[in-house]
2 protein chains.
Amino acid sequence: MRIGDIAEQTGVSTRALRYYEEQGLLSAERTARGQRVYEEPAIERVQLIQQLFAAGLASRTIVELLPCVDTGEASEEALALLRRERDRITESMAELEKARAQLDRVIEISLHPTPEHCPALRTETALRPA
Amino acid sequence: MRIGDIAEQTGVSTRALRYYEEQGLLSAERTARGQRVYEEPAIERVQLIQQLFAAGLASRTIVELLPCVDTGEASEEALALLRRERDRITESMAELEKARAQLDRVIEISLHPTPEHCPALRTETALRPA
DNA sequence: CCTCACGTTGACGTCAAGGGCAAGTCTGCC
DNA sequence: GGCAGACTTGCCCTTGACGTCAACGTGAGG
């Protein structure tokens, strides 16, 4: 498969794919004339990379973790990195949940306007009658 | 309170606070000579802004939502925006969860190496005996 | 009055993940 | 063998949330 095929099947631009290669995230064989040739596992690989990007991992972090994903082995160092990133993700999820709760509260209030929280709704005071 | 106090109490840099003002996220009175003066609610406000940033909202989006947060009222448009962002956050959380699961899997495997998944662990095939 | 930390604006730098363009090359198909 | 479309590298551009530096004003204590 050539780069355009991978782009089509993953929804990732060819520019991005070349960028991944540049960053050491994705490797490809080459034809005699220099064109990139991919095997099917590349699709899965690209999707994994996208997921990790979406989770806020930096390319430099991903490049350190991919070998572990491939071999199933992780040095102490790599293991620590894995755990740090996992914990960071967990924290991010908590942050997202809090932010979503804030938005939900505003949505609720704007849908059911009651005198108490009309003027200035504060997280704490809005719940008390005072 | 002056800008340094807010910075200290929120952990947000003075540069960031001025940026927030520039973006219309945070307002401040001024002394006769032009120095910013904040009231205490500014602290809460800054923390809210940080939360929304952490949730991936852009400053332009936040600037549209803050009035709703203050008044508890939202136009149809604002309400739609609120819902879009809430849904986006929900999606992000799902993405994070998937990525975390991937990392957890790598951690598990590297901790309990077994022959099956040593060579190349694939999401699907790793579960089947092959 | 001096000092010195703190404040001001303005402008430019950074960093990451690509976008986009140019100029040239390759491939597949008629 | 010719053409269109896909591919190559190289390079600069973009966006957002600030960092950083410069050059200068402010204000409270000694």
Side-chain angles (χ1 to χ4, degrees), chain A residues 1-39 42-43 45-66 81 85 88-89 92 95-96 99, chain B residues 1-39 42 45-66 85 88-89 92 95-96 99:
Chain A
M1 303 172 91
R2 292 190 303 168
I3 197 169
D5 303 321
I6 302 290
E8 194 179 354
Q9 296 200 31
T10 60
V12 172
S13 72
T14 62
R15 176 67 179 87
L17 293 173
R18 294 196 189 97
Y19 174 75
Y20 294 171
E21 181 172 319
E22 187 184 320
Q23 300 298 308
L25 299 175
L26 183 65
S27 62
E29 300 298 306
R30 297 292 185 124
T31 68
R33 296 306 198 163
Q35 298 203 348
R36 290 170 180 82
V37 177
Y38 299 88
E39 301 306 317
I43 295 175
R45 163 69 44 127
V46 169
Q47 286 163 349
L48 173 59
I49 293 171
Q50 288 273 103
Q51 275 209 359
L52 296 179
F53 271 134
L57 303 211
S59 59
R60 261 170 278 171
T61 308
I62 300 177
V63 98
E64 291 184 55
L65 296 184
L66 282 181
L81 180 55
E85 292 300 327
R88 206 188 42 67
I89 291 174
S92 297
E95 291 287 315
L96 288 182
Chain B
M1 302 173 90
R2 292 188 302 168
I3 198 170
D5 303 321
I6 302 290
E8 194 178 355
Q9 295 199 32
T10 60
V12 172
S13 73
T14 61
R15 176 64 177 92
L17 293 173
R18 294 196 189 97
Y19 175 74
Y20 294 170
E21 182 173 319
E22 188 184 320
Q23 300 299 308
L25 299 176
L26 183 65
S27 61
E29 299 298 306
R30 296 292 185 122
T31 68
R33 295 307 196 163
Q35 297 200 193
R36 289 169 181 84
V37 178
Y38 298 89
E39 301 306 318
R45 162 70 43 127
V46 169
Q47 285 162 351
L48 173 60
I49 293 171
Q50 287 274 101
Q51 275 209 357
L52 296 180
F53 271 134
L57 303 210
S59 60
R60 261 170 277 171
T61 308
I62 299 177
V63 98
E64 291 183 55
L65 297 185
L66 282 182
E85 291 300 328
R88 207 187 42 68
I89 289 174
S92 297
E95 291 288 314
L96 288 182

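Just so it is clear: chains get the letters A, B, ... in the order the sequence lines come, proteins before strands, and each one is counted from 1. None of these values were measured; they are calculated from a predicted model.
One interatomic measurement links the two molecules: CD of A/Glu21 to C1' of C/dG18, which rounds to 15 Å at whole-angstrom precision. Atoms CD1 (A/Ile3) and C1' (C/dT25) sit 15 Å apart, rounded to a whole Å. Atoms CZ (A/Arg18) and C1' (D/dC12) sit 16 Å apart, rounded to a whole Å. Separating the CD atom of B/Glu22 from the P atom of C/dG10 is a distance of 9 Å, rounded to the nearest angstrom. Taking atom CG of A/Asp5 as the reference point, atom C1' of D/dA6 lies 10 Å away to the nearest angstrom.
In terms of the side chain to side chain contact (heavy atoms under 4.5 Å, CB included) criterion, residue partners of A/Gln47 (sequence neighbours excluded) are, by chain and number, A/Ile43. Qualifying side chain to side chain donor-acceptor pair (under 3.5 Å) partners for A/Gln35, counting only residues two or more places apart in sequence or in other chains: A/Arg2. Taking the ring pair (Phe, Tyr, Trp, His ring centres under 6.0 Å) definition, one finds that B/Phe53 meets it with B/Tyr20, sequence neighbours left out. Here B/Glu64 pairs with nothing under the salt bridge (charged side-chain N to carboxylate O under 4.0 Å, His left out) rule; sequence neighbours left out. Residues passing the salt bridge (charged side-chain N to carboxylate O under 4.0 Å, His left out) test with B/Arg88, sequence neighbours excluded: B/Glu85. Legend: residues meeting side chain to side chain donor-acceptor pair (under 3.5 Å) with B/Arg18, ordered by chain and number and at least two apart, are absent. Listed by chain and number, the residues in a salt bridge (charged side-chain N to carboxylate O under 4.0 Å, His left out) with A/Arg30 are A/Glu21 (sequence neighbours excluded).
Looking at residues 29-36 of chain A, you'll see A/Arg30, A/Gly34, A/Gln35, A/Arg36 sit with a heavy atom under 4.0 Å from some atom of DNA chain D.
At a threshold of 4.0 angstrom between heavy atoms, the contacts of A/Arg2 are confined to the sugar-phosphate backbone, with no base atom among them.
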Output a table of nitrogen or oxygen pairs between the protein and nucleotides 15-21 of chain D separated by less than 3.5 Å.
residue : atom : partner : partner atom : Å
D/dG16  : OP1  : B/Arg60 : NH2          : 2.5
D/dG16  : OP2  : B/Arg60 : NH2          : 3.0
D/dA17  : OP2  : B/Tyr19 : OH           : 3.2
D/dA17  : OP2  : B/Ser59 : OG           : 3.1
D/dC18  : OP2  : B/Tyr20 : OH           : 3.1
D/dG19  : OP2  : B/Ser13 : OG           : 2.6
D/dG19  : N7   : B/Arg15 : NE           : 3.2
D/dG19  : O6   : B/Arg15 : NH2          : 3.0
D/dT20  : O4   : B/Arg15 : NE           : 3.1

Listing time: all N or O pairs from protein to nucleotides 28-30 of chain D that are below 3.5 Å?
none

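Among residues at least two apart or in separate chains, salt bridge (Lys or Arg N to Asp or Glu O under 4.0 Å) pairs with a member in residues 45-56 of chain A are A/Arg45-A/Asp70.
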Please set out all donor-acceptor pairs under 3.5 angstrom arising from side-chain atoms of residues 8-16 of chain A, sequence neighbours excluded.
residue : atom : partner : partner atom : Å
A/Thr10 : OG1  : A/Ile6  : O            : 2.7
A/Thr10 : OG1  : A/Val12 : N            : 3.2
A/Ser13 : OG   : A/Ala16 : N            : 3.0

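Counting heavy atoms from C-beta on, the side chains of A/Leu66 and A/Leu48 come closer than 4.5 Å.
Heavy-atom minimum distance, A/Tyr38 versus A/Ala28: CE2-CB, 3.6 Å.
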